[in-house]
Amino acid sequence: MKLLDFLYPPRCPLCGELLALNEGLAHRACYKTLVWVREPRCKRCGKPLTPVAGEGQELCMDCLRSRHRHGNSFDQGRALWLYSGNIQQSVLDYKYKGMKSYTEFYAEEAVRACGRWIRRKNPQVLIPVPLHPRKKRIRGFNQAELLARAIGRRMDLPVNRNILLRKRWTEPQKAVSGQARRHNLAKSMEIRYLPEKLHRVMLIDDIYTTGSTMEACAGILRQNGVEEIYFLTLCIGNGRG
Ligand SMILES: [Zn+2]
Ligand SMILES: [Zn+2]
């Protein structure tokens, strides 16, 4: 560990600068800038509900719409932080600059903030949202898998990366309409191997934006008889209502 620290001195996941000894996993000042997702949040996807949404509203507009479209693909999800500021850059560096050492900070916080919720949901297995194998080869790792393993280790929960397979290479889809994108994604996931008696699962990913990736994963699991499907992500985009 000491040698590793010497070769790769620990960096603050929120600003990317070196951490001094005994500074913990992140700078205190950086940590304070994190925007935590709090109540009121959508009962389904966990996105913060804006005050204009009104008292008593339980679901965000996205979930109202998508429930209509997909049925109930997943049951409930949680995210730790809003996808903005330091954490946005942090997650981008995690994926695209290979800052794998950030995993420990993320997992530590995920368990601290959502450990009790995870226990209540009692998943039999954690499932990382898969990358297309080609993308994984290029990147060298799947960030969702690192995250799931670190959370699983802390909570003594098994991780299975062989259940879902992302079979199609999905091009960056900014230009594609929302509907076409969802259609593409729904067809991009398949079941590779389904253990027997699998009833409750929790999907793990770094961010939840439109929710279409999560819908695609959950949809195929649901079609194959998984009864309770939850998800946990580090970040979530702001709700539209
Ligand atoms: Zn920092
Ligand atoms: Zn929602």
Side-chain angles (χ1 to χ4, degrees), residues 37 42-46 63 66 70-81 91 94-95 100 102-133 135-137 139-168 185-209 211-236:
V37 178
C42 172
K43 293 277 175 292
R44 183 168 174 269
C45 75
C63 281
S66 90
H70 302 281
N72 218 0
S73 61
F74 57 74
D75 293 278
Q76 199 176 53
R78 283 284 163 92
L80 275 66
W81 304 298
V91 168
Y94 185 46
K95 276 196 279 206
K100 292 192 234 176
Y102 294 178
T103 309
E104 295 308 307
F105 170 74
Y106 296 152
E108 190 81 17
E109 293 301 312
V111 170
R112 206 174 55 76
C114 298
R116 276 171 55 190
W117 177 76
I118 298 171
R119 284 273 180 255
R120 266 205 312 280
K121 299 306 175 192
N122 193 23
Q124 292 164 284
V125 67
L126 303 179
I127 304 178
V129 168
L131 278 182
H132 186 280
K135 223 176 227 180
K136 188 173 168 182
R137 265 201 307 281
R139 196 176 293 175
F141 65 100
N142 175 1
Q143 74 284 353
E145 197 180 313
L146 293 185
L147 208 52
R149 292 207 183 284
I151 294 170
R153 217 167 33 239
R154 283 169 168 77
M155 300 203 63
D156 203 18
L157 285 168
V159 175
N160 193 327
R161 63 168 187 186
N162 297 317
I163 294 174
L164 288 177
L165 177 67
R166 202 159 184 153
K167 60 179 173 178
R168 288 210 316 196
L185 269 166
K187 291 209 298 187
S188 71
M189 294 291 172
E190 72 178 22
I191 298 283
R192 186 163 158 201
Y193 161 73
L194 198 66
E196 270 180 62
K197 300 197 177 109
L198 190 64
H199 307 299
R200 292 178 315 279
V201 304
M202 188 168 289
L203 291 154
I204 306 287
D205 207 357
D206 52 350
I207 70 164
Y208 179 104
T209 47
S212 42
T213 305
M214 210 56 88
E215 300 278 6
C217 294
I220 192 84
L221 288 165
R222 186 76 87 197
Q223 276 172 38
N224 283 273
V226 179
E227 288 146 25
E228 294 177 46
I229 302 163
Y230 304 99
F231 75 79
L232 178 72
T233 64
L234 297 176
C235 299
I236 193 159

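Since the model is a prediction, treat every value here as computed from it, not as a measurement.
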Checklist line | Interatomic spacing from CG in Asn162 to CD1 in Ile127 - rounded to 0.5 Å | finding: 10.5 Å

Notebook entry, point to check: Among all residues two or more places apart in sequence or in another chain, which pass the ring pair (Phe, Tyr, Trp, His ring centres under 6.0 Å) test with Phe231?
Noted result: Phe74, Tyr208

Checklist line | All side chain to side chain donor-acceptor pair (under 3.5 Å) counterparts of Arg153, not counting sequence neighbours | finding: Glu104

Next item on the list: Answer whether the closest heavy-atom distance between the side chains of Leu157 and Arg119 falls below 4.5 Å.
Entry: yes

Margin query: As an exercise, state the distance from CG of Leu147 to OH of Tyr94, rounded to the nearest 0.5 Å.
Written below: 5.0 Å

Note to self: Side chains of Leu221 and Leu164, heavy atoms from C-beta outward: is any pair under 4.5 Å?
What the structure shows: yes

Check: Which atom pair, heavy atoms only, marks the closest approach of Gly46 to Ile236?
Finding: C-CD1, 4.3 Å

Check: Do Arg78 side-chain atoms and Ala110 backbone N/O form a donor-acceptor pair below 3.5 Å?
Finding: no

Next item on the list: Check salt bridge (Lys or Arg N to Asp or Glu O under 4.0 Å) between Glu228 and all other residues, then give those that pass, not counting sequence neighbours.
Entry: none

Check: Leu232 and Leu80: side chain to side chain contact (heavy atoms under 4.5 Å, CB included), yes or no, with the steps?
Finding: CA-CA 8 Å; Leu232 178 72; Leu80 275 66; 4.1 Å; yes

Note to self: For Gln76, give me all partners under side chain to side chain donor-acceptor pair (under 3.5 Å), at least two apart in sequence or on another chain.
What the structure shows: Trp117, Lys121

Next item on the list: State which residues pass side chain to side chain donor-acceptor pair (under 3.5 Å) with Tyr106; sequence neighbours excluded, sorted by chain then number.
Entry: Ser90

Next item on the list: Grab the two heavy atoms, one from Ala79 and one from Val37, that are nearest each other, plus how far apart they are.
Entry: O-CB, 3.7 Å

Next item on the list: Step by step, work out the side chain to side chain contact (heavy atoms under 4.5 Å, CB included) result for Glu108 and Arg154.
Entry: CA-CA 8 Å; Glu108 190 81 17; Arg154 283 169 168 77; 3.0 Å; yes

Notebook entry, point to check: If you measure from CD1 on Ile207 to CG on Leu234, what distance do you get to the nearest 0.5 Å?
Noted result: 9.5 Å

Item checked: Pairwise distance NE2(His132) to OG(Ser188) - rounded to 0.5 angstrom -> 9.0 Å

Note to self: Checking Lys100 now: which residues fulfil side-chain contact (heavy atoms from CB on, under 4.5 Å) with it, not counting sequence neighbours?
What the structure shows: Phe141, Leu146

Note to self: I'd like to check the salt bridge (Lys or Arg N to Asp or Glu O under 4.0 Å) partners of Lys95; sequence neighbours left out, ordered by chain and number.
What the structure shows: Asp206

Checklist line | For Arg166, the option from Glu190, Lys135, Met189 that meets side-chain contact (heavy atoms from CB on, under 4.5 Å) | finding: Met189

Note to self: Arg222: which residues meet the side chain to side chain donor-acceptor pair (under 3.5 Å) condition with it, sequence neighbours left out?
What the structure shows: Asp75

Margin query: For Val159, give me all partners under side-chain contact (heavy atoms from CB on, under 4.5 Å), at least two apart in sequence or on another chain.
Written below: Leu126, Pro128, Ala148, Arg149

Margin query: When you compare the side chain of Leu165 with that of Pro130, does any pair of heavy atoms fall below 4.5 Å?
Written below: no

Margin query: With rounding to the nearest 0.5 angstrom, report the CD to SG distance, Glu215 to Cys63.
Written below: 7.0 Å

Next item on the list: Just jot down the salt bridge (Lys or Arg N to Asp or Glu O under 4.0 Å) partners of Arg161, sequence neighbours excluded, or say none.
Entry: Glu145

Checklist line | Interatomic distance, Cys45 atom SG to Lys43 atom NZ [nearest 0.5 angstrom] | finding: 11.0 Å

Tell me which donor-acceptor pairs under 3.5 Å the side chains of residues 196-204 have, and how far apart each pair is, sequence neighbours excluded?
| unit_1 | atom_1 | unit_2 | atom_2 | d |
| --- | --- | --- | --- | --- |
| Arg200 | NE | Asn122 | O | 2.7 |
| Arg200 | NH2 | Asn122 | O | 3.3 |

